[in-house]
Amino acid sequence: GVSPERCLVFEDSLAGIQAAQAAGMKVIAVVGSNGPDSALAQAADGAIADYTHLPSHFFEISCR
């Protein structure tokens, strides 16, 4: 019941990034060792290597 523009998707595949964007959602690429210049990072709205790169309070802020 959440509108797509209020969603944030974490995705590790190009097809998943494209699907989320086609649905109107913002996407953070989880690039792992591929790095910030990878095709995944370039296709997404943002990129992280893994979930340890999120601030500890990320989910508290994002879920409000």
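Residue numbers start at 1 and run along the sequence shown.
Scanning all heavy atoms of the two residues, the minimum distance from Gln21 to Val27 falls at CG-CG2, 3.8 Å. The two residues Ala23 and Pro4 come nearest to each other via the heavy atoms O-CB, 3.1 Å.
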Per-pair distances, 0.1 Å, donor-acceptor, side chain in residues 7-20, under 3.5 Å, sequence neighbours excluded:
from: Glu11; atom 1: OE2; to: Ser13; atom 2: N; distance (Å): 3.2
from: Glu11; atom 1: OE2; to: Ser13; atom 2: OG; distance (Å): 3.0
from: Ser13; atom 1: OG; to: Gly16; atom 2: N; distance (Å): 3.0

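A distance of 9.5 Å separates CD of Glu5 from CE of Met25, quoted to the nearest 0.5 Å.
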When you look at Ile48 and Val31, which way does the side-chain contact (heavy atoms from CB on, under 4.5 Å) test go after all the steps? CA-CA 6 Å; Ile48 57 173; Val31 298; over 6 Å; no
